Amino acid sequence: MYFFRTEKGIRDHLFGVRGEKIGFVPTMGALHEGHKSLIDESVKLGCYTVVSIFVNPTQFNDPADLEKYPRTLEKDIDFLGRSDCDVLFYPDEAEMYKDGLAPVPKVDLGHLENTLEGEFRPGHFKGVMQVVARLLDIVGPDFLFMGQKDLQQFVILKSMIKQLSIPTQIIPCPIIREPNGLARSSRNGRIDPDLLSGSHILNGMLSYCKNHFPELDLTHLKAHVKKAFENSEYKLEYFEFLDTHTLSIVNRKTDSDHIVAVIAAWAGDVRLIDNMLMTGKL
Ligand code: AMP
């Protein structure tokens with residue numbers, strides 16, 4: 001595995017492998033099996049695989065959240081050593097944002113930017129677009145692998161790539177879960193041990209909806225989910241059925257051929273998100 005901290009270093013290196021397809025997996029570190037699955041997908045497609053680790057300050061609207069974000073570089077390097085990653089790029093802030101090289105891309109996201117996660121985290125997706133546009137410019141990948149776990153991020157980046165005519169194909173990858181169904185996340189380690197046993201509720205409710213989607217209407221399914229949370233220690237923030245491509249709320253099953261259920265809930269002071277496709281695909 002090769003390591004680079006500077007734009008020039010990685011650009012020069014990748015210039016030498018231009019004959020190969022380049023697959024890119026951007027992360028903020030604290031790597032787990034979810035990240036590994038994106039690397040595996042890139043390798044499966046025969047790509048020369050680049051992973052980046054950068055805790056991007058511009059996508060945190062809460063400085064305390066940025067402060068608390070786990071930074072585990074040594075462990076991450078060990079983890080990557082056990083994967084088939086070819087290159088790790090781990091720039092610092094000065095390198096990423098030097099000389100005003102990373103403007104926020106001017107793209108029209110309509111309501112996509114301010115709904116759901118955007119409502120809870122104002123400015124978050126501007127920061128995400130800013131850092132991903134900069135990374136794509138540096139790495140110039142053929143494929144960008146992103147987790148379906150962050151569905152809104154995927155939809156927004158797909159739109160950004162299209163609007164900016166960036167020659168990279170974005171590939172959605174399935175959500176990797178703990179044995180009890182909880183989606184893997186670097187935040188899971190912060191869940192109070194007393195609450196952990198109830199953490200199957202997010203996936204449990206999504207699975208309930210998926211299983212009963214054919215025969216029950218959406219109002220009924222939503223009411224069931226709300227009730228289950230009222231009887232749990234987890235606090236529901238939102239639960240919605242959305243059109244997978246536009247992220248507009250869907251009230252009737254007949255409104256769209258591709259419907260996804262999205263959920264955000266609190267385990268104490270830890271906020272968790274998850275989603276599951278009901279019909280169609282990403
Ligand atoms: P992060 O380091 O949290 O910014 O995540 C980096 C990438 O890993 C994003 O594309 C995430 O959607 C993806 N990812 C995070 N958790 C999971 C998971 N449990 N399953 C699949 N992909 C994930």
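Predicted model only: the values in this text are computed from it and were never measured. Whatever order the structure lists ligands and atoms in, that order sets their numbers, starting from 1.
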Q. Looking only at distance, does Arg184 have an N or O less than 3.5 Å from an N or O of ligand 1?
A. yes

Q | Matching residue for Ile22 among Asp86, Val50, Leu144 - test: side-chain contact (heavy atoms from CB on, under 4.5 Å) | A | Val50

Q | Asn275-Gln148 side chain donor-acceptor pair, cut-off 3.5 Å | A | yes

Q | Aromatic contact, Tyr238 with Phe120 (centres under 6.0 Å) | A | no

(Q) Do Arg5 and Phe89 form a cation-pi contact, if we require the NZ or CZ to be under 6.0 Å from the six-membered ring centre and within 45 degrees of the ring's axis? (A) no

**Q.** Validation row: Ile10, Ile138 side chains within 4.5 angstrom (heavy atoms)
**A.** yes

Q: Record the part of Leu38 in heavy-atom contact with ligand 1 below 4.0 Å; permitted values are side chain, backbone, both and neither.
A: side chain

**Q.** Met28 N/O under 3.5 Å from ligand 1 N/O
**A.** yes

Q: Kindly identify the option in Gly34, Gly147, Ala30, Pro172 whose heavy atom sits closest to atom 18 (C) of ligand 1.
A: Gly34

Q: Tell me which protein heavy atom sits closest to atom 12 (O) of ligand 1, plus the residue, atom name and distance to 0.1 Å.
A: Asp150 OD2, 2.6 Å

Q. Same cluster or not: are Leu116 and Leu202 linked, directly or through other Ile, Leu, Val, Met, Phe, Trp or Tyr residues, by side-chain heavy atoms under 4.5 angstrom apart?
A. no

Q | Ligand-residue contact atoms, ligand 1 with Thr27, heavy atoms, under 4.0 Å | A | 2 (O), 6 (C)

**Q.** Region of Pro174 engaging ligand 1 - heavy atom pairs below 4.0 Å
**A.** backbone

Q: Could you tell me whether His35 and ligand 1 have an N or O pair separated by under 3.5 Å?
A: yes

Q. Cationic tip of Lys253 within the cone over Phe213's six-membered ring, i.e. under 6.0 Å and within 45° of the normal?
A. yes

**Q.** Which residue and heavy atom of the protein sit nearest atom 3 (O) of ligand 1, plus the separation
**A.** Tyr69 OH, 3.9 Å

Q | Check: Val131 and Gln59 side chains under 4.5 Å, non-hydrogen atoms | A | yes

Q. Which atoms from ligand 1 have a heavy atom of His32 less than 4.0 Å away?
A. 16 (N), 17 (C)

Q: Consider every N or O of Ile176 and every N or O of ligand 1, then say whether any pair is closer than 3.5 Å.
A: yes

Q | Sub-4.0 Å atoms of ligand 1 with respect to non-hydrogen atoms of Pro26 | A | 6 (C), 7 (C)

Q: Check the side chains of Asn56 and Tyr69 for a donor-acceptor pair under 3.5 angstrom, ignoring hydrogens and angles.
A: no

Q) Any nitrogen or oxygen of Gln148, main chain or side chain, under 3.5 Å from a nitrogen or oxygen of ligand 1? A) no

Q.
Met146 versus ligand 1: do any nitrogen or oxygen atoms come within less than 3.5 Å of each other?
A. no

